[in-house]
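Input: a single structure, listed below in structure tokens.
The residues of the chain are indexed from 1 along the displayed sequence. In each ligand, atom 1 is the first atom listed, and ligand 1 is the first ligand listed. Every value quoted in this text rests on a predicted model; they were computed, and no experiment measured them.
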Amino acid sequence: MQQLDLIALRQGGKIALSRALAAIERNPKDPKVVALLDAAWKAPRGVIWGITGPPGVGKSTLVGALIRRLRSRRLRVAVIAVDPSSRRSGGALLGDRLRFLSDPEDPDLFVRSMAARDRLGGLADLTWSAAILMRALFDRVIVETVGVGQSETDVAGLADSVLFCVQPGSGDSLQFMKAGIMEIPHVAAVTKADVGEAARRALKDLRGALSLAEAEEGWEVRHLSCSAESGVGLERLEEALDAHHAWLRARGLLDVKRRRQAEEWVSASLQEDFGCFGCARLPDDEIHHEEEPFIKRMRLGKIIEASFS
Ligand SMILES: Nc1nc2c(ncn2[C@@H]2O[C@H](COP(=O)(O)OP(=O)(O)O)[C@@H](O)[C@H]2O)c(=O)[nH]1
Ligand SMILES: [Mg+2]
């Protein structure tokens with residue numbers, strides 16, 4: 001296997017990153033892969049944004065507009081588009097839209113689609129690992145997921161900040177939020193503001209839905225409308241996402257949150273391999289250990305395996 005370290009990755013550009021992602025996909029338990037991921041975990045450069053919302057709301061178009069804005073600020077951007085279609089269909093759903101987003105000439109923009117997990121419909125293990133790796137290399141890592149079912153909850157376990165997109169003229173998603181079925185986002189945006197009245201009404205409804213929402217640790221959810229097509233509201237959108245990040249940082253919550261997400265990932269990953277029954281065999285004093293998540297997952301997995309033999 002080729003050299004897998006962060007410094008080589010920083011210098012190796014998109015080809016090196018693609019190779020590293022392939023190595024993670026092929027053998028996530030290879031000690032070299034685990035070491036690379038933990039090194040990335042300890043050296044965050046950027047911020048992870050999760051973008052979610054129903055199909056057709058305009059997420060990918062918005063990501064495209066955000067990419068242009070971020071790149072004009074010379075920020076390095078990576079995008080993971082989580083394909084809701086299964087692995088077997090080969091990610092055909094997203095392929096077309098991704099071509100609009102990626103620019104082979106731009107070394108500081110990396111776009112990848114990844115299949116959602118077949119079994120539970122949520123984010124694949126690989127998505128979390130890839131996002132952590134990209135966070136060490138890029139200023140913004142944008143993860144686009146379809147806001148239905150498990151993947152919407154999973155993106156909250158991955159992103160620093162979650163943006164939820166609302167379609168003008170459809171109150172469905174707001175009902176979910178009111179009913180507490182949906183994870184509360186940090187920023188909620190009505191898309192396609194250029195359509196006029198329907199978008200204004202949706203913003204009003206959104207305000208109503210959010211007035212009942214319990215926000216994370218006292219963060220007041222920002223809401224706005226924007227249009228990827230006309231550019232209206234995009235500056236406010238970016239400001240809102242940056243404000244949430246600054247807010248987390250100022251309160252010392254960013255590291256706490258990332259650590260908690262890592263613990264959740266370790267548990268979910270162990271459950272996937274060993275089931276609840278297997279995880280129940282872990283002695284309590286082994287679990288709460290300040291340790292990098294990828295090596296920790298391996299260590300705890302070995303303890304469970306040993307308990308069966
Ligand atoms: N009028 C208008 N249409 C938009 C806007 N953004 C996206 N769309 C359209 O909405 C449709 C779905 O967009 P897409 O980005 O693929 O949505 P996704 O499924 O949420 O990723 C496409 O036909 C877009 O052209 C916008 O700002 N204004
Ligand atoms: Mg899309």
Side-chain angles (χ1 to χ4, degrees), residues 48-70 77-87 89-103 109-117 121-124 127 130-131 140-156 158-159 161-174 176-177 182-183 185 187-203 206 223-241:
I48 305 179
W49 289 346
I51 300 195
T52 173
V57 68
K59 297 179 296 297
S60 296
T61 315
L62 193 57
V63 170
L66 286 171
I67 288 172
R68 284 187 289 279
R69 295 184 62 89
L70 294 165
V77 183
V79 177
I80 302 175
V82 178
D83 196 322
S85 58
S86 75
R87 227 177 276 268
S89 68
L93 267 179
L94 277 169
D96 276 354
R97 297 221 56 89
L98 276 178
R99 236 164 282 140
F100 289 107
L101 298 181
S102 57
D103 175 359
L109 170 62
F110 187 88
V111 180
R112 249 308 276 274
S113 86
M114 288 182 184
R117 187 161 53 200
L123 297 191
T127 312
R140 297 286 184 281
V141 180
I142 304 178
V143 182
E144 180 191 331
T145 63
V146 174
V148 284
Q150 190 61 33
S151 60
E152 188 264 326
T153 313
D154 279 4
V155 81
L158 162 70
S161 305
V162 175
L163 164 67
F164 178 62
C165 298
V166 178
Q167 170 83 28
S170 147
D172 300 355
S173 52
L174 300 182
F176 281 119
M177 206 186 299
M182 214 191 93
E183 200 83 28
V187 180
V190 174
T191 54
K192 312 181 188 181
D194 54 281
V195 301
E197 183 49 32
R200 276 190 290 278
R201 256 199 326 271
L203 185 62
L206 177 61
H223 60 279
L224 51 95
S225 65
C226 63
S227 164
E229 223 136 84
S230 75
V232 161
L234 294 180
E235 192 173 345
R236 278 192 65 204
L237 173 59
E238 227 183 300
E239 277 169 11
L241 287 163

Regarding atom 11 (C) of ligand 1: of the candidates Gln167, Lys192, Glu229, Lys59, which has the closest heavy atom? Lys192
Identified side-chain contact (heavy atoms from CB on, under 4.5 Å) partner of Val143 from the options Val79, Val82, Val162: Val82
As a test of reading the structure, name the N/O/S atom of Glu144 that is nearest the Mg ion (ligand 2). OE2
Do any of the N, O or S atoms of Thr61 sit under 2.8 Å from the Mg ion (ligand 2)? no
Quick look: Thr61 vs ligand 1, heavy-atom contacts under 4.0 Å, and the answer is both
Grab the two heavy atoms, one from Gln167 and one from Val57, that are nearest each other, plus how far apart they are. OE1-CA, 3.1 Å
Under 3.5 Å, is there a donor-acceptor pair between the side chain of Lys59 and the main chain of Gly53? yes
Say whether Pro55, considering both its backbone and side-chain N or O atoms, lies within less than 3.5 Å of an N or O atom on ligand 1. no
Does any N or O atom in Ala228 lie less than 3.5 angstrom from one in ligand 1, N or O only? yes
Within the structure, does Val195 bring an N/O atom to less than 3.5 angstrom of an N/O atom in ligand 1? no
Show which atoms of ligand 1 fall inside a sub-4.0 Å distance from at least one heavy-atom site of Glu144. 21 (O)
Mind checking the SG-CG spacing from Cys226 to Asp194? Nearest 0.5 Å is all I need. 9.5 Å
Would you call Glu238-Arg69 a salt bridge at under 4.0 Å N-O? yes
Between Ser60 and Glu144, does any side-chain donor sit less than 3.5 Å from a side-chain acceptor? yes
Are any of the heavy atoms in Thr191 under 4.0 Å away from ligand 1? no
For Ser227, atoms of ligand 1 separated by under 4.0 Å from a heavy atom: 27 (O)
Please give me the minimum heavy-atom distance between Gly233 and Leu224, naming the atom from each residue. O-CD1, 4.3 Å
